[in-house]
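Because the structure is predicted, anything quoted here is derived from the model rather than measured.
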Amino acid sequence: MNSEDVNYFLTGARMIAYQDQFDIVERHTQWGLDLMDKYVKFVKERTEIEQAYAKQLRNLVKKHLPKRTVREDPEMKFCQYQAFLQIVKELNDFAGQREVVAENLLMRICVELAKYSQELKQERKSHLQEGRKAQQQLENSFKQLENSKRKFERDCREAEKAVVTAEKLDQDINATKADVEKAKQQANLRSHMAEESKNEYASYLQKFNHNQSQFYFLEMPQIFNKLQEMDERRTQRLKEGYSIFSETEQQVVPIIGKCLEGMKAAADVVDEKNDSQVLIELHKSGFERPGDMDFEDFSQPMNRTSSDTSLGTPRSTLDGRLDPRLLSKNKGKRWPFSRKNKTVITEDFSHLPPEQRRKKLQQKIEERNRELQKELDQRDALNKMKDVYQKTPQMGDPTSLEPKISETLGNIERLRLEIQKCEAWLADAENRMLSNRPDTVTRYSRHLDHASAVNNNNCSHEKDSPDTTHSDESHDTLNQPIYTEFDDDFEEELASPIGTCVALYQFEGSSEGTISMLEGEELSLMEEDKGDGWTRVRRSKGGEGYVPTSYLRVSVN
């Protein structure tokens with residue numbers, strides 16, 4: 001193998017090696033794009049998980065949030081339930097942050113990287129086409145060089161052969177002059193053709209060397225640089241996508257921390273003592289506590305019939321024994337844990353204990369007052385609209401408003417009647433609660449002590465003198481009502497007023513323990529409202545009792 005053959009072999013080997021390098025760059029850039037697509041798919045699946053997680057949290061919150069409004073829900077009075085609802089609301093905000101994470105990952109990574117990946121694929125395709133085109137041009141130039149080289153080699157052999165043939169014929173004595181001339185012309189022609197092939201081969205060689213230099217030193221380095229720069233941009237963008245993956249989570253961490261802090265704060269406000277007190281206030285009945293059971297002495301017949309209003313003496317039958325009907329009736333009142341019968345709900349809430357009835361009636365009155373105010377506002381608006389229609393008929397027909405005005409007036413009248421009815425029920429409930437006030441029970445206990453002392457004295461007299469009878473005075477004392485407000489026998493020293501008050505409305509003190517008052521009457525304040533809606537006052541003309549607090553304008557000294 002001569003030096004030229006070696007050069008051609010090396011040239012072909014270099015081209016093959018360069019082709020291998022080009023294939024390596026092509027595979028690497030394709031792998032980079034596949035990695036980007038793989039990361040986009042990974043993030044997309046992550047967003048689907050976040051969205052599903054947020055949706056499940058939203059459903060959980062919706063499931064546990066109260067269906068009723070806060071004002072209608074009695075459980076909202078307990079701080080432990082308020083804390084639970086606060087935790088649920090914070091979890092709802094937490095779910096919102098998971099949705100923010102999913103949205104940011106989807107928009108900033110999946111959408112943008114997928115779009116950028118498509119742009120890179122087009123750019124890569126263009127660069128590879130340029131590289132293949134340059135490579136194809138070099139290969140074509142090399143093939144032309146090979147063909148010209150073979151032709152030059154073949155023409156040289158043919159020319160040499162023709163020269164040898166012409167020389168042999170020239171030395172051959174048997175050859176004719178014409179044959180010799182023909183052989184010489186053929187040798188000259190072949191030599192001329194070889195010379196042309198040589199020139200052609202030299203031209204193609206020069207062209208190939210130029211193309212090869214352009215290919216290796218200019219075209220392919222530029223293409224490789226473009227592919228390298230493209231791949232580095234892809235890597236940089238992928239790096240940013242990696243950072244966004246964590247930054248998106250970090251951005252919501254402070255807000256999630258706030259949600260968790262809110263949950264912790266909700267737990268800290270739970271106060272077991274407060275909830276116990278709330279439960280007591282919500283469900284206290286207002287009933288008087290039962291007194292002691294009386295001793296039933298069956299050893300001696302009871303000839304004397306007690307008055308229905310005797311102190312501490314239950315009603316008895318003719319033979320002196322307690323009426324079993326009263327026993328069964330009192331039993332239900334004394335024992336609070338007995339099985340309750342089915343309650344019939346009434347419009348005036350009389351099925352409820354006194355305190356609960358009072359609260360329900362007050363709540364109902366407030367609701368009706370709000371409805372009444374709405375109807376009054378609507379009536380005023382309709383009247384103004386009617387006046388406008390009357391003054392400017394082109395704006396509307398005034399008679400068209402009459403049905404709505406009539407309906408509104410009817411609603412106003414209905415609501416006012418309901419409010420009056422509820423206020424009457426409320427006054428009745430408050431009067432009933434007044435009879436069970438602690439100061440009345442104290443006076444009742446003092447009555448019982450005095451009655452016991454009188455009974456003991458009478459018993460001792462009967463022991464000494466069997467024929468002795470009860471005096472009228474002692475008999476009257478025993479038969480006094482247990483809720484007498486001012487007892488002549490136990491008249492206390494009049495207390496000093498703690499303030500003054502003026503009656504805003506007239507009140508008829510028809511129930512026991514209350515007093516009547518006139519609108520505008522000045523009264524002495526003896527005892528402030530203790531939370532039951534009643535205030536103790538004294539009239540200037542004499543007389544002391546309870547009146548509704550809402551009927552007074554109070555001024556405390």
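No more than 12 heavy-atom neighbours from other residues, nucleotides or ligands sit within 6.0 angstrom of CD on E160. By the neighbour-count criterion of 12 heavy atoms within 6.0 Å, atom CD of Q206 is sparsely surrounded, having that number or fewer from other residues, nucleotides or ligands. Counting heavy-atom neighbours within 6.0 Å of Y505 OH, excluding the residue itself, gives a total of 12 or less. Surrounding CD of E103 are at most 12 heavy atoms belonging to other residues, nucleotides or ligands under 6.0 Å away.
Between D268 and K264 there is a salt bridge, since at least one side-chain N of the basic residue sits less than 4.0 Å from a carboxylate O of the acidic one. Using a 4.0 Å cut-off between charged side-chain N and carboxylate O, K149 and E153 make no salt bridge. One finds no salt bridge joining R358 and E430 here, because no Lys/Arg side-chain nitrogen approaches an Asp/Glu carboxylate oxygen to under 4.0 Å. With salt bridges taken as basic N to acidic carboxylate O contacts below 4.0 Å, one links R234 and D231. Classification of E139 and K143 as a salt-bridged pair fails, no side-chain N sitting under 4.0 Å from a carboxylate O.
Considering every non-hydrogen atom in both A194 and A159, the closest pair reads CB-CB, 4.1 Å. The two residues V40 and I109 have their closest heavy-atom pair at CG2-O, 4.4 Å. Here the closest non-hydrogen pair linking L361 and A429 is CD1-CB, 4.3 Å. For the residue pair P66 and Y81, the shortest heavy atom distance occurs at CB-OH, 3.8 Å. Residues A266 and A83 share a closest heavy-atom pair of O-CB, 3.0 Å. Nearest heavy atom pair, residue V163 against residue S191, reads CG2-OG, 4.1 Å.
With hydrogens and angles ignored, the 3.5 Å screen pairs a side-chain donor or acceptor of S246 with a backbone N or O of S243. Not one N or O on the side chain of D170 forms a donor-acceptor pair closer than 3.5 Å with the backbone of A166. With N225 contributing its side chain and P221 its backbone, the two residues share a donor-acceptor pair below 3.5 Å. Not a single donor-acceptor pair under 3.5 Å links the side chain of Y39 to the backbone N or O of L113. Looking only at distances, no side-chain donor or acceptor of S213 sits under 3.5 Å from a matching main-chain atom of H210. Side-chain N or O atoms of T392 include one that pairs as donor or acceptor with a backbone N or O of V388 at under 3.5 Å. Under the 3.5 Å distance criterion, the side-chain polar atoms of E90 are left unmatched by any main-chain donor or acceptor of G262. Between the R124 side chain and the E26 main chain, a donor and an acceptor come within less than 3.5 Å of each other.
R379 and T408 share no side-chain donor-acceptor pair at under 3.5 Å. Counted by atom type alone, E181 and Q185 present zero donor-acceptor pairs between their side chains at under 3.5 Å. A donor atom on one side chain and an acceptor atom on the other are found under 3.5 Å apart for T176 and D179. Using modelled atom types, one finds a donor on one side chain and an acceptor on the other under 3.5 Å when comparing E196 with H192. Residues Q373 and N369 have side chains that never bring a donor and an acceptor to within less than 3.5 angstrom of each other. Under 3.5 Å, the side chains of Y116 and R233 contain a donor-acceptor pair of N or O atoms. Counting only N and O atoms by type, the side chains of N104 and T248 include no donor and acceptor under 3.5 Å apart. With 3.5 Å as the limit, one finds no donor-acceptor pair spanning the side chains of Q118 and Q122.
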Practice task
Could you walk me through whether Q97 and D93 pass the side chain to side chain donor-acceptor pair (under 3.5 Å) test, one step at a time?
Solution key: CA-CA 6 Å; Q97 297 308 309; D93 295 340; over 6 Å; no
Exercise for the section: For side-chain contact (heavy atoms from CB on, under 4.5 Å), just list the numbers for Q137 and N211, CA-CA rounded to whole Å, side-chain angles, deciding distance to a tenth of an Å, and then say yes or no. Expected result: CA-CA 8 Å; Q137 290 176 350; N211 291 338; over 6 Å; no
Practice task
List the steps and the verdict of side-chain contact (heavy atoms from CB on, under 4.5 Å) for M220 and Q21.
Solution key: CA-CA 11 Å; M220 288 309 297; Q21 298 298 324; over 6 Å; no
Exercise for the section: Could you walk me through whether L91 and M263 pass side-chain contact (heavy atoms from CB on, under 4.5 Å), step by step? Expected result: CA-CA 8 Å; L91 185 63; M263 295 180 185; 4.0 Å; yes
Exercise for the section: Start with the C-alpha distance between N147 and Y204, add both sets of side-chain angles, then the distance that settles side-chain contact (heavy atoms from CB on, under 4.5 Å), and finish with yes or no. Expected result: CA-CA 9 Å; N147 292 333; Y204 278 117; over 6 Å; no
Practice task
Assess whether ring pair (Phe, Tyr, Trp, His ring centres under 6.0 Å) is satisfied between F42 and F245, documenting all intermediate values.
Solution key: CA-CA 11 Å; F42 164 75; F245 188 81; 5.5 Å; yes
Practice task
Take K226 and E123 through the salt bridge (charged side-chain N to carboxylate O under 4.0 Å, His left out) test and state the conclusion after the steps.
Solution key: CA-CA 9 Å; K226 291 178 181 180; E123 182 181 354; over 6 Å; no
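Put simply, the side chain of L65 reaches to within 4.5 Å of the side chain of V61, judged on heavy atoms. Proximity of Q236 to E240: side-chain heavy atoms (C-beta onward) are separated by under 4.5 Å at one or more points. Contact annotation: the side chain of D23 approaches that of R27 to within less than 4.5 Å [non-hydrogen atoms, C-beta and beyond]. Residues Q378 and K374 fail the side-chain proximity criterion, which asks for heavy atoms closer than 4.5 Å. Contact of the E219 side chain with the E130 side chain is not registered, since no non-hydrogen atoms from C-beta on lie closer than 4.5 Å. By the 4.5 Å heavy-atom criterion applied to side chains, K364 and E347 are counted as neighbours. For the pair K151/E200, a side-chain contact is recorded, criterion being any heavy-atom separation below 4.5 Å from C-beta on. S148 places a side-chain heavy atom less than 4.5 Å from the side chain of L145.
Going from atom CD of Q80 over to atom CD of Q82 covers 10.0 Å, rounded to the nearest 0.5 Å. Atom CD of Q86 sits about 13.0 Å away from atom SG of C79, to the nearest 0.5 Å. Distance CG/L35 to NE2/H28: 9.5 Å, rounded to 0.5 Å. The CD1 atom of I365 sits 11.0 Å away from the CD atom of Q420 when rounded to the nearest 0.5 Å. Rounding to the nearest 0.5 Å places CZ of F78 at 9.5 Å from CG of N274. Here CG of L120 is found 6.0 Å from CG of L33. Values are rounded to the nearest 0.5 Å.
For residues 29-58, the pairs satisfying salt bridge (charged side-chain N to carboxylate O under 4.0 Å, His left out) are D37-K121, R46-E50, R46-E249, E50-R98, R58-E99, with sequence neighbours left out.
Aromatic ring pairs are classed by plane angle as parallel below 30°, tilted from 30° to 60° and perpendicular above 60°; the pair F84 and H64 is perpendicular.
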